[in-house]
Every structure is written in structure tokens, then in C-alpha cells.
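Side chains included, hydrogens not; waters and symmetry mates left out as well; all remaining heavy atoms used. Both ligands and their constituent atoms are indexed starting at 1 by order of listing. Please read all numbers here as calculations on a predicted model, not as lab measurements.
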Amino acid sequence: MSKVMVMDHPLIQHKIGIIRRMETGSKEFREMIGEIAMLMCYEATRDLKLVDVNIETPICEMTAKELAGKKLAVVPILRAGLGMVDGMLTMIPAAKVGHIGLYRDPETLEPVEYYCKLPADSSEREVFVVDPMLATGGSSVAAIQMLKDKGVKRIRFMCIIAAPEGVKRMKETHPDVDIYIGALDKCLNDHGYIVPGLGDAGDRIFGTK
Ligand code: PRP
Ligand code: URA
């Protein structure tokens with residue numbers, strides 16, 4: 001069964017309050033999304049496995065720790081997920097980056113796929129899929145299915161704001177994927193937007209509309 005973790009760190013909550021405000025402009029919105037992603041990455045990587053390695057400091061030999069196995073990959077769902085990549089890479093600079101292009105059809109709310117490019121060795125990596133918004137769950141469910149179809153076995157999903165409807169759909173469809181959430185909101189409105197949410201994340205990051 002998937003683990004669902006809602007972040008309660010005060011810095012994360014404070015910054016989410018800033019991006020929700022309608023008067024926050026694109027520059028500050030982008031900066032905050034990056035900082036929230038960095039803080040969430042720190043929390044979401046707490047349980048990564050470590051192995052002992054023998055090293056030499058300038059003083060003596062010792063047994064130090066390093067991350068076990070093949071390293072990590074970050075896969076943003078375009079467009080809005082791009083805003084989280086730099087924050088993730090600040091914490092895990094050796095991670096490779098893949099991209100999945102999906103947009104929600106405004107009428108049907110179904111995801112439409114238009115791009116997928118992953119690191120060649122993704123199937124050996126722990127993959128963090130990132131997208132600021134989990135609304136109906138259509139986009140994240142489809143993105144994770146695309147990864148699984150390409151042989152990726154270890155997947156985590158990270159979003160900044162989620163609706164209960166999307167969390168339920170993710171848990172039912174991908175029970176093996178842990179979900180990290182910045183804030184869990186009340187519901188979706190008739191247009192599939194999260195309430196209270198923050199509006200359209202892609203438009204607010206890139207200043208479109
Ligand atoms: C937004 C958001 C998610 C999706 C969430 O992207 O970034 O990918 O909607 O909604 P869902 O859970 O109901 O699928 P959007 O489709 O607006 O595309 P964009 O990032 O290119 O603007
Ligand atoms: N996508 C967004 O950008 N915002 C929402 O509230 C729902 C989907």
C-alpha cells in the first residue's frame with residue numbers, strides 16, 4: 001500500500017501560503033515553487049538507503065556513508081513540473097532528469113500525452129515524478145503508467161497541492177507509489193480546479209494568460 005505523506009514543516013506551509021495568494025507575481029511564484037520543491041525533496045528522501053564506504057580523511061581512514069545503488073532521477077510533468085526541477089537538483093545534484101509532456105484537455109479533463117524522454121538507465125533508478133498540482137489525478141496516473149511501461153520499478157510522486165479525489169485515484173491505480181504532498185486541499189470545483197488551490201500552476205509559473 002502506498003504511503004501518503006503530507007508535509008507539516010512550517011517553512012513549507014509558509015511558502016505555500018505565498019503561492020496561493022492571487023497577488024503573487026510570476027517571479028516570486030517561481031522562486032517559491034523552487035524553494036518548496038527543495039524543502040520537500042529533503043523530507044521525501046529521508047528513507048533513502050545508505051551503504052558504508054571506506055574513505056581516508058586528511059587525518060585517518062574511516063567508514064563513511066553514501067547513497068546505495070544507482071542514484072536518482074527526477075521526472076517533471078510538463079509544463080508546471082519544470083518549476084520544481086532546480087529545487088530538486090539543489091538537493092540531489094547527481095540526479096538525471098527525464099521529461100513527460102502531458103496536458104489536461106479542458107473539456108474532458110483527460111490527460112493528452114505529447115512527449116516522453118527519460119534517462120537511458122531509468123529502470124535502475126529511483127524516480128521522483130514532480131508536478132505542483134494533483135487534481136483529478138489523470139495526469140499523474142498517466143505519467144506514472146508511462147514510466148512503468150518503460151520498465152521503471154521504483155517511483156515516488158511529489159506534488160505541492162493535492163485534492164482528495166486525485167490522492168484516492170493515485171492510491172487505487174498505483175498502490176506501489178509513495179505520494180508526498182505539500183498541502184491537502186478540500187475538493188475540486190466543476191472545472192476540475194483544486195479548491196482553494198492556487199489557480200493554474202503552469203500559467204502562474206510561466207506568466208501565460
Ligand atoms: C496541470 C498540472 C497537472 C495537471 C493536474 O497541468 O500541472 O499536470 O494539471 O490535473 P489532473 O490531476 O486533473 O490531471 P496542465 O494540464 O494545466 O498543463 P500545463 O502544466 O502544461 O499548464
Ligand atoms: N491544474 C492546475 O494547474 N490547477 C488546478 O487547480 C488543477 C489542475
Side-chain angles (χ1 to χ4, degrees), residues 2 4 6 15-26 28-37 40-41 74-88 97-118 127-148 155-175 177-209:
S2 62
V4 178
V6 181
K15 289 171 196 291
I16 291 177
I18 294 173
I19 58 174
R20 286 187 191 276
R21 291 168 183 253
M22 64 184 297
E23 67 270 23
T24 301
S26 288
E28 192 181 11
F29 192 91
R30 271 196 299 272
E31 288 167 0
M32 287 298 128
I33 291 273
E35 289 176 21
I36 293 165
M40 288 186 69
C41 179
V74 179
V75 176
I77 302 177
L78 307 181
R79 293 175 301 168
L82 285 175
M84 298 173 71
V85 173
D86 284 353
M88 297 288 292
V97 182
H99 295 87
I100 289 182
L102 286 174
Y103 70 87
R104 266 197 340 177
D105 181 291
E107 303 299 325
T108 64
L109 301 183
E110 287 303 314
V112 181
E113 184 183 323
Y114 60 90
Y115 191 72
C116 182
K117 182 82 179 172
L118 302 177
V127 175
F128 283 81
V129 178
V130 297
D131 190 326
M133 310 304 276
L134 171 59
T136 65
S139 305
S140 48
V141 160
I144 289 164
Q145 193 56 52
M146 286 162 77
L147 292 175
K148 287 184 175 177
I155 304 171
R156 301 178 188 214
F157 178 70
M158 189 187 294
C159 62
I160 296 179
I161 298 185
E165 294 89 332
V167 176
K168 180 169 181 283
R169 186 160 166 192
M170 278 281 289
K171 284 173 69 175
E172 284 170 0
T173 320
H174 296 299
V177 173
D178 291 341
I179 306 171
Y180 300 90
I181 298 170
L184 183 59
D185 277 11
K186 213 161 60 190
C187 60
L188 296 175
N189 69 14
D190 293 344
H191 304 286
Y193 276 86
I194 300 175
V195 181
L198 51 70
D200 188 302
D203 283 342
R204 296 197 63 184
I205 290 173
F206 296 109
T208 42
K209 237 190 215 151

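- Taking 4.5 Å as the limit, some side-chain heavy atom of Val97 sits within range of a side-chain heavy atom of Pro76.
- To the nearest 0.5 angstrom, Ile77 atom CD1 is 12.5 Å from Met133 atom CE.
- Salt bridge status for Arg169 with Glu165: absent, with no side-chain N to carboxylate O gap under 4.0 Å.
- The shortest separation from a heavy atom of Gly199 to ligand 2 is under 4.0 Å, placing the residue in contact.
- The shortest N/O to N/O separation between Gly137 and ligand 1 falls below 3.5 Å.
- At a threshold of 4.5 Å between non-hydrogen side-chain atoms, the residues Leu82 and Ile205 do not count as touching.
- Ligand 1 has an N or O atom lying under 3.5 Å from an N or O atom of Thr136, backbone or side chain.
- Within a 4.0 Å radius of atom 1 (C) of ligand 1, the protein has no heavy atom.
- Of the options Ile179, Leu147, Val74, a side-chain contact (heavy atoms from CB on, under 4.5 Å) to Val129 is made by Leu147 and by none of the others.
- At the shortest separation from atom 5 (C) of ligand 2 among protein heavy atoms lies Tyr193 CD2, 3.4 Å.
- Protein heavy atom in closest approach to atom 22 (O) of ligand 1: Arg79 NH2, 2.9 Å.
- Not a single heavy atom of Gly197 sits under 4.0 Å from any atom of ligand 2.
- Atom numbering of ligand 1 starts at 1 in the shown order; those under 4.0 Å from a heavy atom of Met133 are 2 (C), 3 (C), 5 (C).
- Taking only non-hydrogen atoms, the option from Asp131, Asp200, Ile100 nearest to atom 8 (O) of ligand 1 is Asp131.
- Nearest protein heavy-atom neighbour of atom 14 (O) of ligand 1: Ser139 OG, 2.6 Å.
- Ranked by closest heavy atom to atom 18 (O) of ligand 1, the top entry among Tyr114, Tyr103, Tyr193 is Tyr103.
- In this structure the side chain of Ile155 never reaches within 4.5 angstrom of the side chain of His174, judged on heavy atoms.
- By the 3.5 Å distance cut-off applied to N or O atoms, Gly192 is not counted among the residues near ligand 1.
- Residue-to-ligand polar distances keep Ser140 apart from ligand 1: every N/O pair is separated by 3.5 Å or more.
- Heavy-atom contacts of Ile194 reach the following atoms of ligand 2: 5 (C), 6 (O) (cutoff under 4.0 Å).
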(message) For Thr136 and Arg104: C-alpha separation, side-chain torsions, deciding distance, then whether side chain to side chain donor-acceptor pair (under 3.5 Å) applies.
(response) CA-CA 10 Å; Thr136 65; Arg104 266 197 340 177; 4.5 Å; no
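- Less than 4.0 angstrom separates some heavy atom of Arg104 from each of these atoms of ligand 2: 7 (C), 8 (C).
- Residue-level proximity to ligand 2 for Ala135 is carried by the side chain, the only part with a heavy atom below 4.0 angstrom.
- Counting the atoms of ligand 2 from 1 in the order shown, those under 4.0 Å from a heavy atom of Gly192 are 7 (C).
- Residues Asp203 and Arg79 are in side-chain contact: their nearest non-hydrogen atoms beyond the backbone lie under 4.5 Å apart.
- You'll find the side chain of Met32 stays beyond 4.5 Å of the side chain of Thr24, heavy atoms only.
- Close approach of ligand 1 to Ala135 is summarised as follows: ligand atoms under 4.0 Å from at least one heavy atom of the residue are 10 (O), 11 (P), 12 (O), 13 (O).
- Contact of the Thr208 side chain with the Asp200 side chain is not registered, since no non-hydrogen atoms from C-beta on lie closer than 4.5 Å.
- Less than 4.0 angstrom separates some heavy atom of Ala80 from each of these atoms of ligand 1: 7 (O), 20 (O).
- Contact of the Arg20 side chain with the Pro196 side chain is registered, since non-hydrogen atoms from C-beta on lie closer than 4.5 Å.
- Polar contact with ligand 2: absent for Met133 (N/O pair, distance under 3.5 Å).
- Residue contacts with ligand 2 leave out Arg204, since none of its heavy atoms falls under 4.0 Å from the ligand.
- Other residues, nucleotides and ligands contribute more than 12 heavy atoms inside 6.0 Å of the NZ atom of Lys148.
- Near Ala201, meaning under 4.0 Å from any of its heavy atoms, are these atoms of ligand 2: 2 (C), 3 (O).
- Shortest non-hydrogen contact noted between Gly83 and Ile33 is O-CG2, 3.4 Å.
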